[in-house]
Structures are given as structure tokens and as C-alpha cells.
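A short worksheet on the structure shown next.
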Protein chains: 2
Amino acid sequence: MSDLKDKILLVATDLFHTRGINSTGVDTIVAVAGTTKMTLYKYFTSKEQLILEVLQKSQQDFQSWIDEKLNSGSKKPSDKIQKLFDYIEEWVNSPAFIGVGFIKASAEFPNEENPIHQLSSQQSREFRQFIGKLANQADIKDADGLALQLSLLFEGAVQAEQMKRGSGAIKYAKKAAKILIDGAAKASA
Amino acid sequence: MSDLKDKILLVATDLFHTRGINSTGVDTIVAVAGTTKMTLYKYFTSKEQLILEVLQKSQQDFQSWIDEKLNSGSKKPSDKIQKLFDYIEEWVNSPAFIGVGFIKASAEFPNEENPIHQLSSQQSREFRQFIGKLANQADIKDADGLALQLSLLFEGAVQAEQMKRGSGAIKYAKKAAKILIDGAAKASA
DNA sequence: TAAAATGTATACCGTTCTGTATACTATATT
DNA sequence: AATATAGTATACAGAACGGTATACATTTTA
């Protein structure tokens with residue numbers, strides 16, 4: 001992949017998060033990236049395509065990071081789901097954290113027929129299913145139900161953290177998650 | 001208050017939620033409201049002012065609705081906080097539900113110096129404090145902590161419900177809320 | 001060395017955006 | 001009847017938007 005395409009993706013990701021997607025013009029993106037519109041439109045057929053690729057790359061990066069963390073720790077399923085929010089807290093508190101793409105994108109593009117909304121919705125669903133798989137392997141009875149609850153905490157905490165950095169939202173989300181997981185584990189015994 | 005100002009506020013509220021704030025032009029608003037830009041700018045000094053008033057009115061309406069519900073039921077504090085998510089579920093499942101303004105607005109205006117972001121942030125904080133007051137009256141020990149957790153569930157569920165209507169998110173949020181409330185109540189005994 | 005690919009620079013097109021100026025009409029109020 | 005008030009209709013200014021056309025420079029490849 002070209003260096004410039006990467007640079008454009010990186011810059012766009014940052015600008016979309018700090019200024020909003022609709023409020024960020026392609027002129028601004030190329031200016032910050034140090035290139036021109038001609039180059040941008042060589043790699044991306046449209047601004048919409050650029051947005052979609054930014055969303056995809058962001059989610060892939062996050063998912064890879066989480067996967068690696070989970071694989072480097074305990075292999076026991078019940079440990080894994082317990083550790084999940086510890087890793088999320090670590091990720092949210094890292095300086096590189098700028099938010100979750102699909103949460104913002106679905107707010108800026110509420111129309112369900114919009115491709116950007118559809119991708120956002122799909123990413124949210126996939127992350128919930130990922131949690132569900134962890135819950136299932138940990139032999140939790142209503143794994144899908146717990147996964148939905150944990151994803152609500154996750155999305156709520158990220159939202160809160162974006163509204164005000166250092167709000168401590170993620171810390172309390174983690175505590176809540178542990179209570180819900182323990183409750184669900186007990187119910188399955 | 002003028003009929004037309006009310007109508008503009010109503011139409012703007014609806015359009016902002018269904019199409020997004022930045023994606024809704026004042027031309028569209030006045031066209032749907034059946035009036036002209038001259039009239040809009042007689043009542044609102046700018047689009048930003050209109051957005052701020054829409055946010056304020058939306059939150060006031062919601063808060064009034066919740067207050068009334070809580071006052072018409074049991075006066076016992078521990079009942080009140082237990083009932084809170086029942087009312088929220090009723091509200092989310094009502095046909096009139098279109099979302100929570102401050103959640104979307106803070107996503108579209110991420111800059112913390114922006115007045116719209118500031119109002120959104122304040123409204124989120126006020127709602128959390130409202131839950132905290134209920135928790136306090138119910139003699140829950142870490143009332144603020146529980147309030148934060150419940151607000152995360154609230155915001156997460158509304159977010160999820162907006163991504164896909166009928167997702168059942170609010171139902172599971174309610175279950176999670178009951179678990180967290182019971183846990184917090186026990187800890188204070 | 002010739003040609004192909006990659007990127008830059010810049011001007012531009014058509015559209016849409018917020019916001020305003022101007023002139024006109026209908027309705028109350030005094 | 002005279003006058004203020006509320007609203008309409010419409011045109012337009014000035015800027016920003018997404019996207020394209022053209023011409024040129026640089027590097028890679030064959």
C-alpha cells in the first residue's frame with residue numbers, strides 16, 4: 001500500500017474524530033496530510049469511500065489489539081471474559097485513544113439506507129457477537145443477553161469518555177461488567 | 001410563544017434526528033415547516049441558536065415526562081429508582097421516540113469549545129446527577145457510582161436502539177440496571 | 001534512453017450552505 | 001383611516017463543499 005494512502009487514512013481518522021466527519025472537508029484532509037485532492041481521489045473514489053475505509057481500518061486495528069491481548073493472557077474462557085474490560089480500560093486510557101468510529105458515524109449518518117450507517121451498524125453487531133462468543137465459551141447461559149449488556153456498557157462508557165476525558169466512566173463500567181458477568185455465571189451453574 | 005416558532009422547533013427536532021444536524025440545512029427546515037428563512041431568522045439569530053434551543057426543549061420535555069411519571073407512582077425512594085428504567089423503556093418504545101438529542105449532538109460537535117458540545121455535555125451531566133439524587137434518596141452508599149453506571153446503560157441502550165429499532169437493547173439494559181441497583185442497595189445495608 | 005507511473009500545482013465547475021436585502025401582502029390595533 | 005406587526009416571496013452575497021481538468025515535475029521500470 002502507498003505511503004500517501006496510509007497518510008491520508010491516518011489524517012482523516014484523526015480529523016473525523018476531533019472535528020466530526022461532516023465538518024471535515026477533503027480540502028482540510030489533503031492540506032493536513034501534505035498532499036493534493038488529485039492524489040486523494042486517485043486512492044478513494046469519493047469522500048464516502050474514504051469514510052468507509054477509515055471506519056474499517058479503525059475497527060480492524062482495535063479488534064487486532066484486543067485479540068492479541070486476549071491471546072497473550074490466560075487461555076481459560078472464564079478468565080478471558082473477565083479480562084475483557086481490563087483491556088478496554090487500558091485502551092481507552094491510552095493517549096492514542098480518540099474514540100470509536102462506528103458510534104460517531106452512526107450518529108452523523110442516521111439514515112438506515114446510508115452505506116456508512118450500515119457499516120457502523122454491522123461493526124457494532126460484530127463486536128457484540130465477539131463478546132457473545134467469549135461469553136459462550138465461558139459457559140454462560142444467556143450469553144447473548146450478557147453480551148448485549150456488556151456492549152451497552154462499552155458504548156456508553158466510550159460515549160461518556162468522549163464527552164469528557166478522564167470522567168472515570170470506564171472504571172465504573174468495568175465494575176458494572178464484573179457484577180453482571182458474575183451474576184450471569186452464577187445463574188448458569 | 002408564536003405558533004411558527006414552535007413549528008420550526010418541532011420540525012427541526014425531527015429533521016435533526018432523522019437526517020443529522022449538520023446534514024439538515026435551514027432551507028429544508030423552513031420548507032418542511034411551511035415558512036421562509038426570513039421568519040426563521042426572526043426567531044433565531046443563527047442556526048446554532050436554533051440547535052441549542054432544540055436541544056434544550058427536547059431535554060426539558062423528557063425530564064418533565066420522567067418527573068411526572070415518578071411523582072404519580074410510589075413515593076418510596078427505593079421504589080422510584082427501581083421504576084426509573086421501566087419508565088425509560090416505556091419512553092423508548094413509544095412511537096414518538098426519536099432519540100436523545102445530547103448524545104447525537106456531542107458526536108456531531110466533538111470540539112469541547114463548541115457551545116453545542118458544551119450544552120450536550122452539561123445535559124448529560126445533569127441527567128446523571130438526577131439519577132444520583134434518586135440513588136441518594138434510596139440510601140445507596142456509592143450513589144454517584146451507581147448513577148454513572150446507570151447512565152452508561154441508558155446512553156448505550158439509546159445508542160443501540162437508534163442503530164437498530166426493536167433491538168431489545170432497552171430490555172436488557174433494564175435487567176442489568178436491576179442487578180446493579182440491587183447489588184448497590186445490598187452493599188449499603 | 002524511452003516510457004510509464006506517481007505526485008504536485010492550480011484553476012475551475014456546479015452545488016449547497018448560512019445569512020441578508022428588498023419589496024409586497026394580510027391582519028390587527030389605535 | 002392610519003399604522004404597526006407578522007409573514008411571504010424571491011433574489012442574492014459570500015463562502016465552503018465535493019469533484020474534475022489540465023499541465024507539469026519527478027521517479028521508477030523496462
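Worth saying up front: this structure is predicted, and the values here are computed from it rather than measured.
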Quick one: which residue pairs count as a side chain to side chain donor-acceptor pair (under 3.5 Å) with a foot in residues 87-96 of chain B, not counting sequence neighbours?
B/Lys69-B/Glu90, B/Glu89-B/Lys174

Could you walk me through whether A/Phe127 and A/Phe62 pass ring pair (Phe, Tyr, Trp, His ring centres under 6.0 Å), step by step?
CA-CA 10 Å; A/Phe127 184 63; A/Phe62 170 65; 5.6 Å; yes

Might you list the N or O atoms of the protein lying below 3.5 Å from N or O atoms in nucleotides 27-29 of chain D, with each pair's distance?
none

Between D/dG18 atom C1' and A/Ile51 atom CD1, what is the distance in whole Å?
11 Å

Please report, rounded to the nearest Å, how far the C1' atom of D/dT5 is from the CG atom of B/Asp3.
15 Å

Can you measure from [atom1] ([X]) to [atom2] ([Y]) and round to the nearest 0.5 angstrom?
X: A/Leu15; Y: A/Ile21; atom1: CG; atom2: CD1; result: 11.5 Å
X: B/Ser120; Y: B/Ile103; atom1: OG; atom2: CD1; result: 10.0 Å
X: A/Leu40; Y: A/Ile29; atom1: CG; atom2: CD1; result: 6.5 Å

Taking all heavy atoms of [X] and all of [Y], pick out the closest pair and write down the distance.
X: A/His117; Y: B/Gln162; result: CE1-O, 4.3 Å
X: B/Ala173; Y: A/Leu152; result: CB-CD1, 3.6 Å
X: A/Ala143; Y: A/Gly132; result: CB-O, 3.9 Å

May I have all residue pairs that pass salt bridge (charged side-chain N to carboxylate O under 4.0 Å, His left out) and include part of [range], sequence neighbours excluded?
range: residues 100-119 of chain B; answer: none
range: residues 120-134 of chain B; answer: none
range: residues 40-54 of chain B; answer: B/Lys5-B/Glu53
range: residues 13-37 of chain B; answer: B/Asp27-B/Lys37

Please work out which residues in residues 11-28 of chain B have a non-hydrogen atom less than 4.0 Å from an atom of DNA chain D and list them by number.
none

Return the residues of residues 36-46 of chain B meeting this criterion: a heavy atom under 4.0 Å from some atom of DNA chain D. Order them by number, or give none.
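Within residues 36-46 of chain B, the residues near DNA chain D are B/Thr36, B/Met38, B/Thr39, B/Lys42, B/Tyr43.
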
Please list, chain by chain and in numerical order, all residues satisfying side chain to side chain contact (heavy atoms under 4.5 Å, CB included) with B/Thr36, sequence neighbours excluded.
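B/Thr36 satisfies side chain to side chain contact (heavy atoms under 4.5 Å, CB included) with B/Met38, B/Thr39 once adjacent residues are dropped.
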
Which two nucleotides bound the region of DNA chain C that has atoms under 4.0 Å from heavy atoms of chain A, read 5' to 3'?
C/dG7 to C/dT10

By ring pair (Phe, Tyr, Trp, His ring centres under 6.0 Å) - contacts of B/Phe16 (at least two apart):
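By the ring pair (Phe, Tyr, Trp, His ring centres under 6.0 Å) rule, B/Phe16 matches no residue at all.
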
Reading DNA chain D 5' to 3', how would its secondary structure be written in dot-bracket notation, given Watson-Crick and G-U pairs with both distances under 3.5 Å, brackets [ ] for crossing pairs and | for partners on other strands?
||||||||||||||||||||||||||||||

Do NZ/NE/NH1/NH2 and the carboxylate oxygens of A/Asp182 and A/Lys178 come within less than 4.0 Å?
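Here A/Asp182 does not pair with A/Lys178 in a salt bridge, since their nearest N and O are not under 4.0 Å apart.
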
